[in-house]
Engineer: 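Structure provided below as structure tokens; questions to follow.
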Amino acid sequence: MPELPEVETIKRELEKAVLGKKITKVCIHHARVIRSPAPAVFQKQLKGVAIKKILRKGKLLIFELSNAKALAIHLKMTGQLIYPGQDTKETRVCFHLSNGKKLSFNDRRLFGELRIVDDWRQLQFVKGLGPEPFEVSIEQFKAMLAAKKTRIKPLLMDQTFISGVGNLYAAEALFRARIDPGRAASGLSEKEKEALFNEIRATLDEAIRYKGSSIDQYVQLSGRPGSFVSHHQVYDKEGKPCLICGTVIKRIALGGRGTYFCPKCQR
DNA sequence: AATGGGACCTGCGCGC
DNA sequence: TGCGCGCAGGTCCCAT
């Protein structure tokens with residue numbers, strides 16, 4: 001669900017919608033999503049504070065605040081940020097802003113995490129993140145793969161290896177690069193590594209242009225769906241014909257995750 | 001080091 | 001119609 005393109009879409013919209021605005025009040029409808037500090041402190045620390053900068057690191061969203069602290073938001077699987085928001089039964093936290101509108105954090109499954117920190121760079125999660133696909137050269141990418149014997153698809157989803165790619169875009173990029181998701185990373189040819197590098201970037205770029213993939217819970221900040229789903233070639237297409245060769249798309253489990261691929265095109 | 005499994009959760013779609 | 005169940009997948013944690 002929310003992977004790099006989805007979080008980037010929300011980040012860009014947030015910059016247009018809430019940057020510079022002041023938080024006047026925070027309502028907590030379900031405290032489970034507040035990971036730190038304690039809910040009452042969380043509310044107090046945000047009251048009267050302005051949103052000075054909005055960043056994204058991998059799938060993590062960060063608001064830098066006028067009180068020198070930062071609000072870090074991870075949407076995990078089903079988190080949504082909606083603006084302007086209205087409370088629904090899935091609204092867990094809402095931020096009242098100085099213009100009278102609300103920014104809502106909705107999360108059906110309560111996996112999402114909000115935390116206020118002094119320095120987001122010191123978060124363990126952030127420290128562990130690998131580079132984003134756009135932050136490495138082809139040479140670096142090749143060297144990173146050469147050092148790994150593990151299967152390529154779980155590796156692409158490993159945020160400490162590269163950050164931002166999840167189950168959906170790993171599957172799509174591997175299809176476009178014609179690589180079997182179960183192949184050993186170090187066993188890819190130079191050509192395959194180059195194709196994969198290019199296709200990861202191209203897939204993420206395109207997905208951002210279409211404002212993400214709205215399957216399950218993801219929507220843009222406005223609440224509208226992203227439209228990249230119609231460009232998916234394998235994800236969630238088990239039993240459907242491959243768009244290249246007509247072979248039936250298969251679904252297997254890899255690293256405990258549903259993995260879609262064309263057994264003929266991907267070798 | 002690599003891999004598998006479970007945990008965290010809810011709601012959906014399935015089979016009966 | 002309704003019930004129980006498997007399943008979705010981001011991240012962490014533990015076991016092998």
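Worth knowing before you read on, the calculation uses all heavy atoms, side chains too, and leaves out hydrogens, waters and symmetry mates. Every chain is numbered from 1, with letters handed out A, B, ... down the list of sequences.
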Engineer: Could you check whether the rings of A:Tyr210 and A:Phe228 sit parallel, tilted or perpendicular, using 30° and 60° as the cut-offs?
Structural biologist: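 Rings of A:Tyr210 and A:Phe228: tilted, as their planes differ by 30° to 60°.
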Engineer: Could you work out the separation of B:dA1 and C:dG10 based on their C1' atoms and round it to a whole Å?
Structural biologist: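 Per the computed distance, 22 Å lies between those C1' atoms.
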Engineer: How long is the line joining CG of A:Leu145 and P of B:dA2, in whole Å?
Structural biologist: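 Going from A:Leu145 (CG) to B:dA2 (P), I get 12 Å.
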Engineer: Generate the contact string for nucleotides 10-16 of chain C. Rules: B means base contact, S means sugar-phosphate contact only, - means no protein heavy atom under 4.0 Å.
Structural biologist: BBS----
Engineer: Applying ring-ring contact (aromatic ring centres under 6.0 Å, His included), can you list everything that pairs with A:Tyr83, at least two apart in sequence or on another chain?
Structural biologist: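 Testing A:Tyr83 for ring-ring contact (aromatic ring centres under 6.0 Å, His included), a comparison that skips the adjacent residues, returns none.
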Engineer: Please list, chain by chain and in numerical order, all residues satisfying ring-ring contact (aromatic ring centres under 6.0 Å, His included) with A:Tyr260, sequence neighbours excluded.
Structural biologist: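 Scan of A:Tyr260 (ring-ring contact (aromatic ring centres under 6.0 Å, His included), adjacent residues dropped) gives A:Tyr235.
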Engineer: Starting at NZ of A:Lys153 and ending at P of B:dA2, how long is that distance when rounded to a whole Å?
Structural biologist: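 Answer to the nearest Å: 18 Å.
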Engineer: Are any protein N/O atoms closer than 3.5 Å to N/O atoms in nucleotides 5-7 of chain C? If there are, list each pair with its distance.
Structural biologist:
none

Engineer: According to ring-ring contact (aromatic ring centres under 6.0 Å, His included), who are the partners of A:His96, at least two apart in sequence or on a separate chain?
Structural biologist: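 ring-ring contact (aromatic ring centres under 6.0 Å, His included) list for A:His96, sorted by chain: empty.
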Engineer: Nearest whole angstrom, please: distance from the C1' of C:dG9 to the CG of A:Asp236.
Structural biologist: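 One finds 12 Å between C1' of C:dG9 and CG of A:Asp236, rounded.
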Engineer: Are the side chain of A:Arg109 and the backbone N or O of A:Thr78 linked by a donor-acceptor pair below 3.5 Å?
Structural biologist: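 Between the backbone of A:Thr78 and the side chain of A:Arg109 there is no qualifying donor-acceptor contact (under 3.5 Å).
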Engineer: Establish, with yes or no, whether the OP1 or OP2 oxygen of B:dG4 is under 4.0 angstrom from a side-chain nitrogen or oxygen of A:Arg151.
Structural biologist: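 Answer yes for this pair, as a side-chain N or O of A:Arg151 is under 4.0 Å from OP1 or OP2.
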Engineer: Specify the separation, in whole Å, of atom CG of A:Asp158 and atom C1' of B:dG4.
Structural biologist: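 My rounded result for the distance is 15 Å.
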Engineer: Run the side chain to side chain donor-acceptor pair (under 3.5 Å) test against A:Glu172 and tell me which residues pass, sequence neighbours left out.
Structural biologist: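 Counting only residues at least two positions away or on another chain, A:Glu172 forms no side chain to side chain donor-acceptor pair (under 3.5 Å).
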Engineer: Who passes side chain to side chain donor-acceptor pair (under 3.5 Å) against A:Asp158, sequence neighbours left out?
Structural biologist: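 Result, side chain to side chain donor-acceptor pair (under 3.5 Å) vs A:Asp158: A:Thr160.
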Engineer: For the side chain of A:Glu3 and the backbone of A:Leu168, is there at least one donor-acceptor N/O pair under 3.5 Å apart?
Structural biologist: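 Such a contact is found between A:Glu3 side chain and A:Leu168 backbone.
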Engineer: In dot-bracket, 5' to 3', how would DNA chain B read with Watson-Crick or G-U wobble pairs under 3.5 Å, [ ] for crossing ones and | for pairs to another strand?
Structural biologist: .|||||||.|||||||
Engineer: Specify the separation, in whole Å, of atom CG of A:Leu110 and atom P of B:dA7.
Structural biologist: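 In whole Å, B:dA7 P and A:Leu110 CG are 18 Å from each other.
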Engineer: Tell me the ring-ring contact (aromatic ring centres under 6.0 Å, His included) pairs involving residues 10-31 of chain A, sequence neighbours left out?
Structural biologist: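 Residue pairs with at least one partner in residues 10-31 of chain A: there are none.
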Engineer: Provide, to the nearest angstrom, the distance between the NZ atom belonging to A:Lys89 and the P atom belonging to B:dT10.
Structural biologist: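 To the nearest whole Å, that distance equals 12 Å.
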Engineer: Going by the rule side chain to side chain donor-acceptor pair (under 3.5 Å), which residues pair with A:Lys153 if we only count those two or more places apart in sequence or in a different chain?
Structural biologist: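 Residues passing side chain to side chain donor-acceptor pair (under 3.5 Å) with A:Lys153: A:Asn167, A:Thr259.
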Engineer: Enumerate the residue pairs fulfilling ring-ring contact (aromatic ring centres under 6.0 Å, His included) with a member in residues 33-68 of chain A, sequence neighbours excluded, ordered by first and then second residue.
Structural biologist: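 Residue pairs with at least one partner in residues 33-68 of chain A: there are none.
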Engineer: Taking salt bridge (Lys or Arg N to Asp or Glu O under 4.0 Å) as the cut-off, I'd like each qualifying pair that reaches into residues 177-190 of chain A, sequence neighbours left out, listed once.
Structural biologist: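 Output for this query lists A:Lys142-A:Glu190, A:Arg183-A:Glu192, A:Glu190-A:Lys193.
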Engineer: If you check every side-chain atom of A:Lys148, which of B:dG11, B:dA2, B:dG4 has the closest atom?
Structural biologist: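 The nucleotide sitting nearest to the side chain is B:dA2.
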Engineer: Could you tell me how far apart A:Glu90 (CD) and B:dG11 (P) are, to the nearest whole angstrom?
Structural biologist: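 To the nearest whole Å, that distance equals 6 Å.
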Engineer: Give the rounded distance in Å between these two atoms: CZ of A:Arg35 and P of B:dC8.
Structural biologist: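 In whole Å, B:dC8 P and A:Arg35 CZ are 12 Å from each other.
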Engineer: Check every atom of B:dA2, B:dG11, C:dG9 against the side chain of A:Tyr235 and return the nucleotide holding the closest atom.
Structural biologist: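 Nearest to the side-chain atoms of A:Tyr235, counting from C-beta on, is C:dG9.
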